[in-house]
Amino acid sequence: MNTALEQRLRSREAVVGVIGLGYVGLALVRSLCSNGSRVVGFDLSKLRVKEIQKFKSPNESISNDELEKYIFSGLFSATADTHSL
């Protein structure tokens with residue numbers, strides 16, 4: 001049975017939220033974006049989010065080049081602002 005959510009995920013219409021942009025969160029972002037899904041990442045650390053927005057990866061889960069590619073393509077955005085979610 002295909003639910004509306006499953007259909008939106010398969011068609012890449014859905015935007016996926018990832019909470020926490022550490023080792024696990026960024027690995028998940030990388031996996032989702034590499035499959036064409038749009039992702040909004042949230043982290044409490046404003047410094048971490050600023051670094052990510054400057055294409056500087058905080059760990060080896062995702063490279064600087066991948067961050068740049070996914071952000072410029074519109075597949076990924078990062079925020080620390082709870083009001084923008």
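In what follows, every heavy atom counts, from backbone to side chain, and hydrogens, waters and symmetry copies are set aside.
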Enumerate the residue pairs fulfilling ring-ring contact (aromatic ring centres under 6.0 Å, His included) with a member in residues 11-38, sequence neighbours excluded, ordered by first and then second residue.
none
Quiz: residues 46-53 side-chain donor-acceptor pairs under 3.5 angstrom, not counting sequence neighbours:
from	atom 1	to	atom 2	distance (Å)
Arg48	NH1	Leu21	O	3.1
Gln53	NE2	Ala78	O	2.8

Only pairs at least two apart or in different chains count here, so list each side-chain hydrogen bond (donor to acceptor under 3.5 Å, both in side chains) that has a residue in residues 55-76.
Arg30-Glu66, Asn59-Ser61, Ser63-Glu66
Can you tell me how far apart CZ (Phe42) and CG (Asp81) are? Round to the nearest 0.5 Å.
8.0 Å
Among all residues two or more places apart in sequence or in another chain, which pass the side chain to side chain contact (heavy atoms under 4.5 Å, CB included) test with Val24?
none
Quick check for you: to the nearest 0.5 Å, what is the distance between Leu26 atom CG and Ile62 atom CD1?
6.0 Å
Which residues share a side chain to side chain contact (heavy atoms under 4.5 Å, CB included) with Leu32, sequence neighbours left out
Val16, Val18, Leu28, Ser37, Val39
Does the Arg38 side chain pair with the main chain of Glu13, one donor and one acceptor, at a distance under 3.5 Å?
yes
Which pairs count as salt bridge (charged side-chain N to carboxylate O under 4.0 Å, His left out) when at least one residue sits in residues 16-27, sequence neighbours excluded?
none
